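A short worksheet on the structure shown next.
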2 protein chains.
Amino acid sequence: MLSYTEENYIKALLRLTLEKTVAGTNELAAQLGVKPATATDMLKKLREKQLIDYEKYGKISLTLEGRKKAMQVLRKHRLWETFLYEKLGFAWDEVHDIAEQLEHIQSEKLVEKLDKFLDFPKFDPHGDAIPNAEGEIKVFFTQTLSQIAVGNICRMAAVKDNSATFLQYVAQVGLSINEHIKIISKQPYDALTCIEVNGKQSNVSPKFTDNIFVVGENE
Amino acid sequence: MLSYTEENYIKALLRLTLEKTVAGTNELAAQLGVKPATATDMLKKLREKQLIDYEKYGKISLTLEGRKKAMQVLRKHRLWETFLYEKLGFAWDEVHDIAEQLEHIQSEKLVEKLDKFLDFPKFDPHGDAIPNAEGEIKVFFTQTLSQIAVGNICRMAAVKDNSATFLQYVAQVGLSINEHIKIISKQPYDALTCIEVNGKQSNVSPKFTDNIFVVGENE
DNA sequence: TAACAAAGTTAGATTAATCTAACAAATTTT
DNA sequence: AAAATTTGTTAGATTAATCTAACTTTGTTA
């Protein structure tokens, strides 16, 4: 079982690795309000416990196990935030500090009962997704590239079709996850869509645009 | 602010001093699952913080401040137990261990909102009274000595009248808080009640029996 | 009342988490 | 590429809470 402190370290690492590319010791220490020397000590300990991959002077990343543990803390945090907001009537901005304490309560059964009591919420009061019991965030995309109007910009979120030929085609037009896409025009005659990715324009078929999940820019 | 550990010590002391006469170091240590030496150290620390009265080799008691703090922890414990039982559907015997963790969450506002959410419960799922925000357990006695039938035994809980003459009268018949009282007989003619306290019988008036709160023996 | 047992304390060590100060490695700038 | 800056580590100390082992006080019993 992880200590309160260890949980806070892996949670901070999760946040850093989600938001930015890689996490460094100073950044981690700042996030937690401790000195870098302290963080270094804890990093060694977390490595011993196989929660992170780390070599001295190198970059830090969570192992699968570490990430799962961190996500479970995040799950508790967001469920408690939802409880405080929805059930107890706390304001939007008051819930975080209390949830920081509640997220360390150890009881799987409590978490599951709380989840049920809240009617299995998918998002917390800030709109952030709540991980499931296995520590995964399932994001269900509903909008495909074909639904975006001419002139708008969106961002690629996922693909429906995972075939090699399709993925090669996707790469060929310069697309990848999070890449921006602008809809230049749509041809009424042959139903092709002209998209622009990184300054490069391509004409693609409905078969293509129907298989790309996107999110709008105004999120 | 008290540490998690300090809170546990004063809570254990509260339990011991409520249940038994005086608390000793060994007993306290046993209650908390630590060695007596550890308890001694902590007792010094709690004395420094003016939470207990204590001299070495002497008996231990909570100060008013210490008692208040302990009662506030107990309040949180019992409110959370009520929440787990009433709202989350936990069983009677599952709530204690989780409440042991939840009772240490620091947020006055949380406690008050939880209290309201639970509709200001007076008793927890085990039937124990929940202290108020000031750390007091208000017990409302409803039964007076005059309502006890002949032949029954009850126990003195409190008095309605606090006048000196009444209290002297009470002492004179051998009564004090928690003292047992047996109703020997009631005279229809002059409405006097014959009571027995510690083997001593006295005839008392309705004015007397109406001003003594009692609890039945079958609690 | 002297001896024994129980209760409580002290001294010294350990562990987890932290710090400061000094040092080492990596990166950026000139 | 040498110098300067940033980043990260090590060594040694501190605090809170705990332990064991030895000792002291108090209370009980023969």
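Letters A, B, ... are given to chains in the order of the sequence lines, protein chains preceding strands, and every chain is numbered from 1. These figures come from a predicted structure and were not determined experimentally. Side-chain atoms are counted along with the backbone in the values below, which use heavy atoms only and exclude waters and symmetry mates.
- To the nearest angstrom, C1' of C/dT20 lies 9 Å from NZ of A/Lys35.
- Residues A/Asp115 and A/Phe83 fail the side-chain proximity criterion, which asks for heavy atoms closer than 4.5 Å.
- Remark: B/Lys87 qualifies as a cation-pi partner of B/Phe117 under the 6.0 Å distance and 45° angle criteria applied to the six-membered ring.
- Look at A/Glu103 and A/Lys11 and you find a salt bridge, because one of the NZ, NE, NH1 or NH2 atoms lies within 4.0 Å of a carboxylate O, short of that distance.
- For D/dA30, the paired nucleotide is C/dT1, the pair qualifying as Watson-Crick or G-U wobble because both relevant distances are below 3.5 Å.
- Of the residues in residues 1-11 of chain B, not one comes within less than 4.0 Å of DNA chain C through any heavy atom.
- B/Arg47 places its CZ atom 12 Å from the C1' atom of C/dT9, with the value rounded to the nearest Å.
- In this structure, A/Met156 and A/Ile181 have side chains that are in contact, with non-hydrogen atoms separated by less than 4.5 Å.
- For the side chain to side chain contact (heavy atoms under 4.5 Å, CB included) criterion with B/Glu81, the lone passing option out of B/Ile98, B/Asp124, B/Leu102 is B/Asp124.
- With hydrogens and angles disregarded, no donor-acceptor distance shorter than 3.5 Å links the side chain of B/Arg78 to the backbone of B/Pro131.
- At a threshold of 4.5 Å between non-hydrogen side-chain atoms, the residues B/Ile130 and B/Lys122 do not count as touching.
- Contact annotation: the side chain of B/Lys182 approaches that of B/Ile184 to within less than 4.5 Å [non-hydrogen atoms, C-beta and beyond].
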Can you give one letter per nucleotide of nucleotides 4-10 of chain D, going 5' to 3': B for a protein heavy atom under 4.0 Å from the base, S for sugar-phosphate only, - for none? ---SBBB

